[in-house]
2 protein chains.
Amino acid sequence: MSSDPPGFELPLRLFLAFRVIIDDLHAELDAQGHPDLRPMHGFVFQAIGPDGSTAVELGRRLGVSKQAAGKMVESLERMGYVVRTSDPDDARRKIVRLTERGVDALARSARIFDRIRSDLAGRLGPDRLRALEDDLRAITPADLWRLDMPGWFGTS
Amino acid sequence: MSSDPPGFELPLRLFLAFRVIIDDLHAELDAQGHPDLRPMHGFVFQAIGPDGSTAVELGRRLGVSKQAAGKMVESLERMGYVVRTSDPDDARRKIVRLTERGVDALARSARIFDRIRSDLAGRLGPDRLRALEDDLRAITPADLWRLDMPGWFGTS
DNA sequence: CCATATAGTCAACGAGGTTGTCCGTTATGT
DNA sequence: ACATAACGGACAACCTCGTTGACTATATGG
């Protein structure tokens, strides 16, 4: 009979597993022509969505102030991943949209994530991977995109 | 037959699970007299270790510059969690040690982590929790404490 | 004995977050 | 219809926490 591991191991392993996957993703993105993307950017792209968004909306979704969201957009605009256009129906709003390059990064990310997942299925076995995902779903909130991560990743 | 989930779900769930546990920990620490501790601090305490450490060593272990490590120590010293004493064998070194309060925080953290783990064992079942931990061990590096997290958590 | 390496500290800077303020535009209520 | 409130965006000042560079004091080894 083996004894229980200390309680602090699980959260550490969860975080390490996250890091391993994200590091893999960004090594690939780097190799595929997106060396400047940082982990945070994926969340921002996702929050922008296919129809675009505004800085205020973005801030709400990401859990930061509208000013912080505005700075993020500015930086992504400089990198060529988003553009800001004015809303014809509301002169106050400026709609942030992904550029072709932004869409490309998002598509590549999706493909890389799927490749990583199938690697893991190969290592753990498909059933164990399923069970892992099921268990994680059981202990996390349902809403995947309510992450509220402010300065967790360097966005420089 | 159900289809595979998109590859991006797993890393998100891993991160969310980590967040859920860490948020739980710090809500408890808050209630038990350590409201100022932030997630990063646990890693710093661990890096200091029972025999103390120096700022340079700390920086190496945490993956930050010695100056950044020094600032962390300064802040923890102001909060009463560590003290700096001079090394009698080497007048250059100042050894950082946990205070009684620091040791208390570490002991409480360990107890809270164990409580959280047993909660999870109740929700998933002990076997599923074991399997989860085994699978995570399989996909993460063996060395738990080589985390290299610089500004991942707010330390304020 | 002197050259080099190490520990700590100070200063300047940058990234990225915050709050407060202001302006122009839209929505609302009487 | 018009006064007022709410909203979106931008600007400024500030904070925290990381960085690099320079400098001092102490060890250490040829």
Side chain B:Gln67 and base D:dG21 donor-acceptor under 3.5 Å: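 Answer yes: a donor N or O sits under 3.5 Å from an acceptor.
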Pair A:Leu58-A:Met72, side chain to side chain contact (heavy atoms under 4.5 Å, CB included): steps then yes or no: CA-CA 10 Å; A:Leu58 217 48; A:Met72 260 186 240; 5.9 Å; no
Linked, directly or transitively: A:Val83 and A:Val103 (ILVMFWY side chains, under 4.5 Å):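 No, A:Val83 does not connect to A:Val103 through the hydrophobic network.
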[X] and [Y] ion-paired at < 4.0 Å:
X	Y	answer
B:Asp104	B:Arg101	no
B:Glu9	A:Arg137	yes
A:Arg115	A:Asp24	yes

Take the protein atom [atom1] of [X] and the nucleotide atom [atom2] of [N], then report the distance between them rounded to whole Å.
X	N	atom1	atom2	result
B:Asp87	D:dT26	CG	P	14 Å
A:Leu58	D:dA10	CG	P	13 Å
B:Arg38	D:dG18	CZ	C1'	16 Å
B:Met72	C:dG8	CE	C1'	16 Å
A:His41	C:dA15	NE2	P	12 Å
B:Asp89	C:dT6	CG	P	19 Å

5′-ward residue of the pair B:Ser53/B:Lys71 relative to DNA chain C: B:Ser53
5'-most by nearest nucleotide on DNA chain C - A:Pro88 or A:Ala68: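 Mapping each residue to its closest nucleotide by heavy atoms, the 5'-most match is A:Ala68.
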Under 3.5 Å, which protein N or O atoms sit close to an N or O of nucleotides 3-8 of chain D? Give each pair with its distance.
residue, atom, partner, partner atom, Å
D:dC7, O2, A:Arg92, NH1, 3.0

CZ-CG distance between A:Arg93 and A:Asp87, expressed to the nearest 0.5 angstrom: 5.0 Å
Sugar-phosphate, base or nothing in reach of A:Ala91, heavy atoms under 4.0 Å: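 Sugar-phosphate contact only - A:Ala91 comes under 4.0 Å of backbone atoms but never of a base.
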For A:His26, all residues meeting ring-ring contact (aromatic ring centres under 6.0 Å, His included), sequence neighbours excluded: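 For A:His26 there are no ring-ring contact (aromatic ring centres under 6.0 Å, His included) partners, ignoring immediate neighbours.
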OP1 or OP2 of C:dG17 under 4.0 Å from side-chain N/O of A:Ser65: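 Checking C:dG17 against A:Ser65, no side-chain N or O comes under 4.0 Å of OP1 or OP2.
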